[in-house]
Amino acid sequence: MSPLIDRHGRTKRKLRISLTDRCNFRCTYCMPEHPDWLPKASLLARSEIVRLAGLFVDHGIDQIRLTGGEPLLRQDLLECVHDIGELRERGLRRISMTTNASRIAPKARELVLAGVDDFNVSLDAIDPETFRRLTLREIAPVFDGIDALVDAGAKVKLNAVVVRGDNEKDIVPLLEWAMARKLPLRYIEYMPLDAPGHWKRDAVVSEADMLAAIRERHEVVGQARGHDPATPYLVDGHYPLGIISTVSNPFCSTCDRLRLTATGELFTCLFSPIGTPLGARMRDGIGDDVLAEQVRRAVWLKDAGYASRPGPVDRPLTMHAMGG
Ligand code: SAM
Ligand code: SF4
């Protein structure tokens, strides 16, 4: 079937599926401290997730990232991974997961065996106090989770959001911690996707500021970039660092991603004000042909990206419900 292309000529290859909006953390940059959870009955069942995922795979999506909320809060996570894995026969090449890792330790090996190819672990600081300030939770279970993933032979990458006044002092220590463990790290500029009125431009530590801090201690050389949203750098001649600078220098011109919320709402951009309620329409009994047509249309109309609509988005969903 024809691939999914938007009106800016960008072909879609990657789909992020939020398995749940629930989370055991309360990262201040991601959600309100007391979020309104999506109604439980509206969350997609595993069979519905697999049906929608299959429709995307049939249209050229070859990489699926499972996210949330916290995907480990999904009771049938292993079964989800297994069933999505069956889409490899239809063209899926990669299953990834983004997690806070705090509950992954007992399941790390099973997840690798079930077919998760790589894991992005969110770790914004290595100082326990700083970590607590940002996530309102403890760091020790996250370290246990990372150790368990590494022991299970998983491919692990770290993601860190930097918020001024919270963790910019951790930029170099976290980098050195990750370098010592040979775990690739990506810094992410704080984006306006959290609780309404919370994000402030002044709280964004820009890519330039992050580089300046790192260059006080290390040599950092820019590398040629591909489709990844992160600008790649090499630190001290050997260590791969990425920086996602959506706010100071958005890189949307080759965006190949789509996002499905836990209720099956399709968002073609992180910053889209509205989505296409595929899950609800599926429950209304709409067949795959009509659903596919609605997907093609939504993708075609995808906006250029953050630069065309900078600043906070006026919509009820914050990052934890959007899927990151
Ligand atoms: N709970 C999982 C985790 O934290 O990795 C998966 C969901 S989380 C919403 C996915 C990613 O979004 C995380 O790496 C998180 O740091 C990032 N994120 C959340 N809010 C953000 C914001 N306002 N700006 C930039 N990144 C954000
Ligand atoms: Fe939860 Fe991840 Fe959001 Fe933190 S970033 S509150 S761990 S969904």
Side-chain angles (χ1 to χ4, degrees), residues 14-31 35 37 43-44 46 49 53 63-85 94-126 131-132 134-161 174 177-178 181 183-188 193-194 229-230 242 244 257 259-262 270 318-324:
K14 299 180 185 145
L15 176 68
R16 302 175 74 104
I17 302 179
S18 171
L19 294 179
T20 175
D21 65 323
R22 272 54 170 182
C23 189
N24 56 325
F25 277 27
R26 291 291 179 275
C27 304
T28 55
Y29 53 74
C30 176
M31 61 158 81
W37 304 119
L43 303 186
L44 296 184
R46 177 163 32 109
I49 293 172
Q63 296 169 60
I64 288 181
R65 177 170 294 281
L66 303 176
T67 176
E70 176 48 40
L72 269 292
L73 294 197
R74 180 101 194 185
Q75 301 297 321
D76 58 354
L77 177 62
L78 284 168
E79 291 85 352
C80 286
V81 172
H82 172 268
D83 291 2
I84 290 172
R94 197 159 196 86
I95 303 176
S96 308
M97 184 175 293
T98 301
T99 171
N100 64 34
S102 64
R103 298 207 178 172
I104 214 165
K107 292 217 171 111
R109 206 163 289 278
E110 281 173 293
L111 284 168
V112 173
L113 289 174
V116 181
D117 294 293
D118 60 273
F119 297 80
N120 282 358
V121 174
S122 299
L123 180 70
D124 308 316
I126 48 160
F131 187 87
R132 200 177 296 125
L134 274 166
T135 64
L136 312 187
R137 295 295 183 268
E138 298 302 315
I139 201 167
V142 178
F143 285 149
D144 291 345
I146 293 172
D147 287 346
L149 285 169
V150 171
D151 287 349
K155 204 168 159 214
V156 179
K157 222 194 280 172
L158 304 175
N159 278 339
V161 178
L174 174 58
W177 186 92
R181 284 159 186 77
L183 297 173
L185 169 67
R186 287 191 315 182
Y187 279 118
I188 307 175
L193 296 161
D194 49 353
I244 300 181
R257 285 143 200 253
R259 297 179 151 80
L260 205 55
T261 69
L270 251 183
T318 58
M319 189 68 142
H320 77 285
M322 171 60 84

K.L.:
Measure the CG-CZ distance between Asp124 and Phe131 for me, rounded to the nearest 0.5 Å.
P.N.:
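Here the interatomic distance stands at 6.5 Å.
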K.L.:
Got Val150 and Leu183 here, is their nearest side-chain heavy-atom distance under 4.5 Å?
P.N.:
yes
K.L.:
What residues form a salt bridge (Lys or Arg N to Asp or Glu O under 4.0 Å) with Arg22, not counting sequence neighbours?
P.N.:
none
K.L.:
Testing the basics here: between Leu78 and Ala114, what is the closest heavy-atom pair and its distance to 0.1 Å?
P.N.:
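Closest approach of Leu78 to Ala114: CD2-CB, 4.0 Å.
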K.L.:
Only counting residues at least two apart or in another chain, list the ones meeting side-chain hydrogen bond (donor to acceptor under 3.5 Å, both in side chains) with Asn24.
P.N.:
Asn100, Ser102
K.L.:
So which pairs with a foot in residues 97-122 pass salt bridge (Lys or Arg N to Asp or Glu O under 4.0 Å), sequence neighbours left out?
P.N.:
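Pairs touching residues 97-122 that pass the test: Arg65-Asp118, Arg88-Asp117, Arg94-Asp118.
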K.L.:
Working to the nearest 0.5 angstrom, can you tell me the gap between Cys23 SG and Met319 CE?
P.N.:
12.5 Å
K.L.:
Does some side-chain heavy atom of Leu66 sit less than 4.5 Å from a side-chain heavy atom of Thr99?
P.N.:
no
K.L.:
Tell me which pairs pass ring-ring contact (aromatic ring centres under 6.0 Å, His included) where either residue lies in residues 103-123, with sequence neighbours left out.
P.N.:
none
K.L.:
Between OG1 of Thr20 and CD of Gln75, what distance do you get to the nearest 0.5 Å?
P.N.:
10.0 Å
K.L.:
Does anything in residues 136-145 pair up under side-chain hydrogen bond (donor to acceptor under 3.5 Å, both in side chains), and if so which pairs, sequence neighbours excluded?
P.N.:
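Output for this query lists Arg132-Glu138.
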K.L.:
Looking at every non-hydrogen atom in both residues, tell me the closest pair between Gly69 and Ser18 and how far apart they are.
P.N.:
N-OG, 4.5 Å
K.L.:
Going from CG on Leu260 to CD1 on Ile17, what distance comes out if it is rounded to the nearest 0.5 angstrom?
P.N.:
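Between atom CG of Leu260 and atom CD1 of Ile17 there are 6.0 Å.
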K.L.:
Please report the shortest heavy-atom distance between Leu174 and Ala160, naming the atom on each side.
P.N.:
CD2-CB, 3.6 Å
K.L.:
Any chance you could measure Ser122, atom OG, to Ile188, atom CD1, to the nearest 0.5 Å?
P.N.:
6.5 Å
K.L.:
Can you tell if the side chain of Thr67 reaches within under 4.5 Å of the side chain of Asn120, non-hydrogen atoms only?
P.N.:
no
K.L.:
With sequence neighbours left out, what residues match Tyr187 under side-chain hydrogen bond (donor to acceptor under 3.5 Å, both in side chains)?
P.N.:
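Partners of Tyr187 under the side-chain hydrogen bond (donor to acceptor under 3.5 Å, both in side chains) test: none.
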K.L.:
Nearest 0.5 Å, what's the CG-CD1 distance between Leu77 and Ile104?
P.N.:
8.0 Å
K.L.:
Please enumerate all residues that pass side-chain hydrogen bond (donor to acceptor under 3.5 Å, both in side chains) together with Thr28, with sequence neighbours excluded.
P.N.:
none
K.L.:
With Thr261, which residues qualify under side-chain hydrogen bond (donor to acceptor under 3.5 Å, both in side chains), at least two apart?
P.N.:
Thr263
K.L.:
Can you check whether Arg257 reaches Leu270 side chain to side chain, under 4.5 Å on heavy atoms?
P.N.:
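The answer is no, as the side chains (C-beta and beyond) never meet within the 4.5 Å cut-off.
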K.L.:
Counting only heavy atoms not in Lys14, do more than 12 sit closer than 6.0 Å to its NZ atom?
P.N.:
yes
K.L.:
Quick one: side-chain contact (heavy atoms from CB on, under 4.5 Å) partners of Pro35, sequence neighbours excluded?
P.N.:
Arg26, Met31, Pro32, Trp37, His320
K.L.:
Under a 4.5 Å cut-off applied to non-hydrogen side-chain atoms, are Arg181 and Ile146 in contact?
P.N.:
no
K.L.:
Of all the heavy-atom pairs spanning Ala178 and Leu185, show the shortest one and how long it is.
P.N.:
CB-CB, 4.3 Å
K.L.:
Applying salt bridge (Lys or Arg N to Asp or Glu O under 4.0 Å), name anything that partners Lys157, two or more places apart in sequence or on another chain.
P.N.:
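If we apply the salt bridge (Lys or Arg N to Asp or Glu O under 4.0 Å) test to Lys157, skipping adjacent residues, there are no hits.
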K.L.:
Provide the full list of salt bridge (Lys or Arg N to Asp or Glu O under 4.0 Å) pairs with a residue in residues 67-79, sequence neighbours left out, each pair given once.
P.N.:
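Passing the test, one end in residues 67-79: Arg46-Asp76, Arg74-Asp76.
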K.L.:
Between Leu134 and Val161, is there a side-chain heavy-atom distance shorter than 4.5 Å?
P.N.:
no
K.L.:
Within the structure provided, determine whether Met322 and Leu193 are in side-chain contact (heavy-atom separation under 4.5 Å).
P.N.:
no
